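This structure is a prediction, so every number in the text was calculated from the model and none was measured. Side-chain atoms are counted along with the backbone in the values below, which use heavy atoms only and exclude waters and symmetry mates. In what follows, every chain begins at residue 1, and chains take the letters A, B, ... in the order their sequences are listed.
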Amino acid sequence: MRGWLIRTALRSLGSNPLRTVLTLLGIVIGVASVVTLMSVGKATASSVTSRIQGLGTNLLVVTPGQAEQEGIGEGLGSAQTLTMDDATALATLRPQVAAVAPDVITRAQVAYGSVNEQVVVEGSTPDLFAVRNLALAAGRAFNAADEQARGNVAVIGTTTAANLFGTANPVGATIWVNGVPFEVIGELAVQGSNGLTNNDDRVIIPLSTLQARFTGTTPLGAIYVSAADASQMSQVQNRMEAVLRRNHGLSGTEPDDFVISNQASLLSAFQGVSQTLQAFLGGIAGISLVVGGIGIMNIMLVSVAERTREIGLRKALGATRGQILSQFLLESALVGVIGGAVGVIVGAVLTGMMGRWMNASTGLDASSIWISILVSLMVGVGFGMYPSFRAARLSPIHALRYE
Amino acid sequence: MLELRRVTKRYQTGGVPFVAVRGVSLRIDAGEYVAIMGPSGSGKSTLLHLLGLLDVPTEGEVWLAGQPTRHLSDKEFARLRNEKIGFVFQNFQLLPRTAAIENIALPLLYGRHRKARPEVLAARALQRVGLDLSKAWNWPNQLSGGQQQRVAIARAIVTDPEVVLADEPTGNLDSRSTEEILGLFQSLNDQGVTVVMVTHEPYVAQHAKRIVQIRDGRVERDEPVHERVIAAPVSAAAEFLAHGVEVSG
Ligand SMILES: Nc1ncnc2c1ncn2[C@@H]1O[C@H](COP(=O)(O)OP(=O)(O)O)[C@@H](O)[C@H]1O
Ligand SMILES: [Mg+2]
């Protein structure tokens, strides 16, 4: 009986292959987008999380803007209130503060030989390398002398190095940044991507050079500070806040016009954003699954109408309502499961492609596969329910007389 | 064994009620061979559907094996249709693109028939109706009208029902196929199966033991057949001959 039911369902699906494929397509697209968005989102989140954790427990990041805006990291703040003055003032907190690195980010056209590309150019002080744990793969970082002399020296990321130099050693070569020659003195070790930006595609130069050559005296995007003692974070943070408030001339009741984040607050802010984003993406993908389900329902209704005579005949020969119901439910469940399985495969391929494109390691986890197939089975059964009930309720004689 | 008690069937089409069967009482005993005759539209099919539990009366009661059927559940109706009654529909009603043997086995999928495997029972029914096993995997459209009707009859008897109801079983057939089908009904009746067939051909009706004449949804006449024509029952030899003629002709 069971084997026969499946054979009947497969035969009926096979009798109109084009229609079956189009119905499947709805589910395939839905499941594939759920799988892809979920796993890419997950990979992004874990990559960003590990990068934030890689920042180290004693890092404090000052960004411009109001605390209510929950600015996390570069450029998210709206007010441009941080200046070199602030960085200098924070440096007076030594020895509680180990290092202070003011930071400005801009974009520039970087050229070497015939290669020419838009790259992120970051200007900072030598402290940046220590504060942000930026290790070098080759050459050296710039030092206080380079900073003072506004030297035209650059440390470049591995992606930038590969783009400009291929496999050749970039250290010692001269690159052109917006038409200005810079000597490459170092290459960063691999930093990884956070899914949205590739941290290996950038050029780091002294802040003094950046301001003199390109941007002029601009407000800072961020000030990175490392505390001398990770167990004294909150005291350091309080003192930094006091210094900056005084520097900005804020009176007692005025709110801060800057935000000081540490690893924990960055993590929690990111996780909040990431969860919202994932729920949003999941919701969009879910809608496409619902659309796929409506496709199943539509086709099953057509199928019931077309096979009215067959249904009547089966009932006349002794099929119960339950047996007709299960025949049609099985059919739509099969569409759901097959569509779900194909969707998972398509989603896995897409995820792999996205991973390569974003330079992030992406992977499906088993749970998202099972959940997708289970959900598409439920979509199949759910949307097949109404057409199947209609089929089961047909009276044999009405159906047999049906033309 | 089958009984209609003052049965009325009313149809409601577009607000206009139409009475297809008007207070018919009819009793069919085990082992009978009954022909229901009447002009087109007189309610013969409706009557047969009511007897076959395919439809429910608007008024009155259908009794089967001494039991009223009005309050049976969907499951019980399905089981009675499956086990007690074999129905031969007007125009064969075989599933297209489905092998003859699978068409025949269809009722076995819906009941509990544990006497033998469905394939075995279906093959046996195929042989009982005198159809060559080589036709077993033909689709209906690869069979002649007479052969399709035999497949339909095989499907009706595959569950060994007590009564076979046939709606114009010779309606679209040539005289030789008609003869074969009537031979089949004769053998079934000889084996103790109750046979009820609807026909509008007097010659066909003459093969039954009793003729019920219907007009405008009422029984006009109901009498035994005096000068019966007995069709030659189906045998392996007859099938062989028929088959041989088919091939040479
Ligand atoms: N589902 C239906 N709705 C309305 N009228 C019907 C329906 N089925 C049958 N009829 C009518 O009932 C009458 C009897 O039909 P039927 O039993 O098929 O007659 P017969 O088989 O004797 O030709 C016909 O006039 C037919 O139009
Ligand atoms: Mg009729």
Side-chain angles (χ1 to χ4, degrees), chain A residues 1-20 302-331 334 385-403, chain B residues 9 11 13 20 45-57 72-99 102-114 117-119 152 155-159 161 165 167:
Chain A
M1 181 73 194
R2 293 284 168 274
W4 161 81
L5 260 177
I6 289 181
R7 255 181 50 215
T8 310
L10 285 177
R11 176 183 298 189
S12 129
L13 291 176
S15 71
N16 201 333
L18 179 64
R19 180 197 292 172
T20 303
V302 171
S303 173
V304 168
E306 272 186 0
R307 287 154 69 195
T308 299
R309 179 188 287 278
E310 176 197 327
I311 296 161
L313 178 67
R314 288 179 186 276
K315 291 193 85 172
L317 296 176
T320 60
R321 261 180 222 156
Q323 284 165 327
I324 297 291
L325 184 73
S326 48
Q327 182 187 335
F328 278 84
L329 270 187
L330 185 73
E331 220 171 277
L334 266 179
M385 197 69 92
Y386 172 66
S388 304
F389 266 116
R390 287 220 346 198
R393 292 177 56 89
L394 284 173
S395 106
I397 219 54
H398 171 78
L400 278 172
R401 286 199 194 247
Y402 179 87
E403 290 298 336
Chain B
K9 182 68 191 180
Y11 290 117
T13 348
S45 293
T46 307
L47 204 66
L48 205 66
H49 294 151
L50 290 167
L51 284 170
L53 306 182
L54 299 179
D55 212 347
V56 286
L72 294 182
S73 69
D74 168 70
K75 260 198 178 141
E76 289 163 322
F77 263 120
R79 187 147 167 220
L80 289 176
R81 284 181 206 133
N82 187 250
E83 291 176 0
K84 301 271 190 227
I85 299 164
F87 211 102
V88 181
F89 304 92
Q90 220 165 343
N91 306 324
F92 319 136
Q93 299 284 8
L94 301 175
L95 288 185
R97 293 191 302 273
T98 304
E102 291 180 294
N103 265 295
I104 295 171
L106 218 47
L108 300 174
L109 305 172
Y110 295 119
R112 269 175 283 164
H113 305 275
R114 297 229 172 87
R117 291 160 56 80
E119 308 89 271
R155 182 180 62 193
I157 63 173
V158 73
T159 60
L165 308 174
D167 198 350

Chain A contact via [X] - which portion, at a heavy-atom distance below 4.5 Å:
X	answer
F77(B)	neither
Q90(B)	neither
R155(B)	side chain
S73(B)	neither

Practice item. Can you see which heavy atom on R81(B) is nearest to which on K315(A), and at what distance? Key: NH1-O, 3.2 Å

Revision key, fill the gap. Heavy-atom closest pair (G318(A) atom, N82(B) atom, distance to 0.1 Å) is CA-CB, 3.7 Å

Review point. Among V56(B), T46(B), L54(B), who wins on heavy-atom pairs under 4.5 Å with chain A?
Key: L54(B)

Point to revise | Contact class of R11(A) relative to chain B, heavy atoms under 4.5 angstrom | key: side chain

Review point. Backbone N or O of I397(A) within a donor-acceptor pair of the D55(B) side chain at under 3.5 Å?
Key: no

Rounded to the nearest 0.5 Å, what's the gap from [atom1] on [X] to [atom2] on [Y]? Could you check?
X	Y	atom1	atom2	value
L106(B)	T8(A)	CG	OG1	8.0 Å
N91(B)	R309(A)	CG	CZ	7.5 Å
L95(B)	R314(A)	CG	CZ	5.5 Å

Check your understanding: So does K84(B) have more than 12 non-hydrogen atoms from other groups sitting under 6.0 Å from NZ?
Key -> no

Check your understanding: For Y386(A), does the OH atom sit with more than 12 other heavy atoms under 6.0 Å from it, leaving out its own atoms?
Key -> no

Revision key, fill the gap. Most contact-rich option vs chain B, by heavy-atom pairs under 4.5 angstrom, among G322(A), P396(A), A319(A), is A319(A)

